[in-house]
Amino acid sequence: MNNQSQVALRLPKGPRKTEIWWFTTEEQGLDDEQKRIVTRRATRHNGPAGLTEIDDGENWSQSTAGTRGAVSR
């Protein structure tokens with residue numbers, strides 16, 4: 001049950017907006033309870049409100065802010 005992967009698809013939706021889609025894979029043959037555990041783990045540790053993605057949010061806002069400068073234009 002520890003063999004899971006995630007893919008984050010970041011889609012630009014305008015000059016200051018990005019849409020993020022998360023996809024989590026799981027092993028075949030898991031029962032419903034094990035699937036629930038995998039889903040809960042993925043939600044709590046990844047994504048906008050998760051433990052690991054929190055740190056990356058600042059990078060996205062800083063990169064977006066950097067496109068407003070005179071050189072970028």
| In terms of heavy-atom contacts, does CG of Asp31 have more than 12 from other residues, nucleotides or ligands at under 6.0 Å? |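 Yes, enclosed.
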
| task | Measure across Lys35 and Leu30 and return the closest heavy-atom pair with its distance rounded to 0.1 Å. | result |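 For Lys35 and Leu30, the tightest heavy-atom pair comes out as CE-O, 3.4 Å.
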
| If you look at every heavy atom in Arg10 and Ala8, which pair is closest and at what distance? | NH1-CB, 3.3 Å

| Can any side-chain N or O of Thr25 pair as donor or acceptor with the backbone N or O of Ser5 at less than 3.5 Å? | yes

| When rounded to the nearest 0.5 angstrom, what distance separates CG in Asp32 from CD1 in Ile37? | 11.5 Å

| query | What is the distance from atom CG of Leu9 to atom CZ of Phe23, rounded to the nearest 0.5 Å? | reply | 6.0 Å

| task | Flag yes if Val7 and Val38 sit in one hydrophobic cluster, no otherwise; membership is Ile, Leu, Val, Met, Phe, Trp, Tyr, and two members link when side-chain heavy atoms are under 4.5 Å apart. | result |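 Cluster IDs for Val7 and Val38 differ.
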
| said: Run Gln6 and Trp22 through side chain to side chain contact (heavy atoms under 4.5 Å, CB included) and show every step you take. | reply: CA-CA 7 Å; Gln6 281 199 316; Trp22 285 93; 3.6 Å; yes

